[in-house]
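Note that the coordinates shown come from a computational prediction; the quantities given were computed from them, not determined experimentally. Both counts, for ligands and for their atoms, begin at 1 and track the order of listing.
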Amino acid sequence: MTTGRPEGLFPLFADLTGLDGIGPKTALIFGQMGVEKPRDLLFTLPHSGIDRQRRDSIRDVDPPAVVTVEVEVGRHFPPASRGRPYRIEVTDSQTTFHLVFFHAREDYLTRLLPTGQRRIVSGRVELFDGIAQMVHPDHVLAPDEAEEIAPYEPVYPLTSGLTQKIMARAVAAALERTTSMGEWIDPGVMQREGWPDWQAALKTAHAPGTAADLSTDAPARRRLAYDELLAHQLTLALARVERKRKRGIVSRATGTLQRKVLNALPYHPTAAQERAIGEITDDMARPERMNRLLQGDVGSGKTVVAFMALLVAVEAGGQGVMMAPTEILARQHLEGLQPLAEQAGVVLELLTGRDKGSERAAKLAALAAGDIQVLVGTHAVFQKDVVFCDLRLAVVDEQHRFGVRQRLELGAKGQGADVLVMTATPIPRSLALAQYGDMDVSVLDEKPPGRKPVKTALIGTTRIDEVVASLRRAVGEGRQAYWVCPLVEESESVDLTSAEDRFRRLRAALGDDVVGLVHGQMPPADKDAAMSRFVAGQTSVLVATTVIEVGVNVPNASIMVIERAESFGLAQLHQLRGRVGRGTAESTCLLLYQAPLGESGRRRLEILRQTEDGFRIAEEDLAMRGAGDLIGHAQSGLPRFRVADLERQGALMNLAQSDARKLLHDDPGLTTPRGCAARHLLWLMEQDKAIRLISVG
Ligand code: ADP
Ligand code: MG
């Protein structure tokens, strides 16, 4: 069997200019819309269609509307002066109207539409001063060429310089180059879904008969979407198998340290926490490398689960490391975990970018000697000269602040070390599968008991004085509050101005000692100081940019004010709100918005009022905003799908994942006929990474 690209696919991966009617210039324009080879044209599907069924007369429709009718060409009226249009009178079976052309050449029009001849014209009819006219018909044909007009004409996405005609021709030429291929989809799935084979699906998708054929539910479209998702999941499944094949480290828990810590905790772990701890402990005991995602909403108690996992590494005689996305969070982890570590007699240290000189050198030496058992820190823990004695587990907290690439880097650091990634961003299952399909997942789907719901209210900015007044009362009662400043165009400096401005105003209203400020551009030491004054209760109100978004834990804070809430993503608002409701007090979240709030803007914020279920919020957010927006493509490493629509076809992703994993399980070498077909699919979908894996395997 060959490992190179299958010959049948060569024509689809050749130069675009090889297609009829595409020269180098047009090819360049196609390139601007990401279409570089005939293959790309196949997966550029029409987004809508135009009904071009023949009618007897334009009288049958309400203008403006696209109409296709047979007419007899009447008199020509060349423009009376420059800038005026050229008009041609035409008559269908019932009425007379005008064809209108701007900047047209007379000789061209007399050839195209000779007086006295019959023509089929198709275009948009509109009323101009009460008279029906068709400006620049899309089609003008002799009656015997009529079948060249499809009764339902596909409309493609274009870029400037392209026309529907060029596109349709190019697509038709690309379709010509396809050959029938072996089926890569499970026969059971094909049958149950009633899907056409690949070639037939392409033909149907490019020649819709009605609007229903354009829907994401149409079988041909679903099949093509599934192809994309299956290729993606096959890649992830191959990566997963590959990783499992590499040797990991066996870290067997003795339970001694875990028990000491559990006894010292003021609470019992939830059932979900226990389950996750069990899954992780089992994974770590296996010879394969662990690659696990711990997903849990804000406040679900991920930290203690991670610590238990780190203790397994220590119990087994090794070391563990936990990386947080910010200095503040790293410090907070250290402070929270230090007492527990002391109970267990475990040596815990902090390493951040601020460690310099001899102090840093001493820490590195202790780490290399194995005297530090658990290291907590920022990215600094993965600098080149940081060497562990026996690293067995790396935990990454709040994953979405790191890219997928960093996740891979981290894996490379400890030879065979287990990896646990934690995320507090509840993401819909389809996206989780797209992004983390290569990982095993533990979910904390239960919150620690005793949490009171957070009261959430929407308030117009015009009422900000009332908000400040009630804040004054709350502060008087010893409560603490966060005040989050608007996210303006994601620019730090603008954020900064608004935060500093708010800080000054709140100080003036509430008193200088009462209000603190923290933002991303503050010198780190100042940031820490502001943070710890708030944690210690020395300040009651903390004005912040979104640096507090992830992970910060101040149980006494029970009020969250978010300015310009409409400019934040729902998931982000949910994260911010999760900062309160952690203590015993009744908590409030005030979403300040700038009126007028549009219909959809209000609906979005209403969802937050209705539910605190992060997963539901994430699903709604996905439905409203789209997948790319939700995670941000660049940083997520989420593939761009040309056909698949994760918002509407998310369920297909589940199917693709189980199908892919099962295929690799049954046919690990991809050598059966279906396995070979799956290889073709990977080539077709340009899954280079997967192709490298199957080539070596
Ligand atoms: P997150 O999942 O957002 O990282 P944390 O680990 O910071 O959540 O936990 C949030 C708070 O809940 C902490 O104060 C922690 O001590 C507390 N907590 C964690 N697990 C439990 C539990 N089982 N019962 C009660 N409180 C818990
Ligand atoms: Mg956390």
Legend entry - Proximity of D297 to ligand 1 by residue part, where a heavy atom lies under 4.0 Å: backbone
Legend entry - Expected output: side-chain E315 to main-chain G255 donor-acceptor under 3.5 Å: yes
Legend entry - Options G301, G336, P555, P448, ranked by nearest heavy atom to atom 8 (O) of ligand 1, top entry: G301
Inset, instruction - May I ask you to establish whether R602 and Y593 are in a cation-pi arrangement, using a distance under 6.0 Å from NZ or CZ to the six-membered ring centre and at most 45° from the ring axis? - result: yes
Legend entry - Sole residue of M323, Q295, M439 in side-chain contact (heavy atoms from CB on, under 4.5 Å) with V421: M439
Legend entry - Interfacing atoms of ligand 1 (cut-off 4.0 Å, heavy-atom, T303): 4 (O), 5 (P), 6 (O), 7 (O)
Inset, instruction - From the options L348, V381, L337, L420, select the one residue that forms a side-chain contact (heavy atoms from CB on, under 4.5 Å) with M322. - result: L337
Inset, instruction - Enumerate the atoms of ligand 1 whose separation from the nearest heavy atom of G299 is less than 4.0 angstrom. - result: 1 (P), 2 (O), 3 (O), 8 (O)
Inset, instruction - Considering the heavy atoms of T270, write down every atom of ligand 1 situated less than 4.0 Å from one of them. - result: 23 (N)
Inset, instruction - Begin with the C-alpha distance, continue with both residues' side-chain angles, and end with the deciding distance and a verdict on salt bridge (Lys or Arg N to Asp or Glu O under 4.0 Å) for D282 and R292. - result: CA-CA 12 Å; D282 286 351; R292 187 170 279 279; over 6 Å; no
Legend entry - Min N/O separation P449 to ligand 1 under 3.5 Å: no
Inset, instruction - Answer yes or no: does an N/O atom from Q273 fall short of 3.5 Å to an N/O atom of ligand 1? - result: yes
Legend entry - Per-atom contacts of ligand 1 with S300, taking only distances under 4.0 Å to non-hydrogen atoms: 2 (O), 8 (O)
Inset, instruction - Please confirm whether H268 comes under 4.0 Å of ligand 1, counting heavy atoms of the residue only. - result: yes
Inset, instruction - Tell me, with the steps shown, if R392 and S251 meet side-chain hydrogen bond (donor to acceptor under 3.5 Å, both in side chains). - result: CA-CA 7 Å; R392 284 163 181 261; S251 297; 3.0 Å; yes
Inset, instruction - Please indicate whether any nitrogen or oxygen in G296 is less than 3.5 Å from any nitrogen or oxygen in ligand 1. - result: no
Legend entry - Verdict with supporting geometry, E620 and R616, salt bridge (Lys or Arg N to Asp or Glu O under 4.0 Å): CA-CA 6 Å; E620 302 273 358; R616 217 201 111 197; 3.3 Å; yes
Inset, instruction - Could you list the atoms of ligand 1 found under 4.0 angstrom from a heavy atom of P269? - result: 23 (N)
Inset, instruction - With salt bridge (Lys or Arg N to Asp or Glu O under 4.0 Å) as the test, would you mind laying out the steps for R354 and E327 before giving the verdict? - result: CA-CA 9 Å; R354 258 183 271 166; E327 181 93 24; 2.8 Å; yes
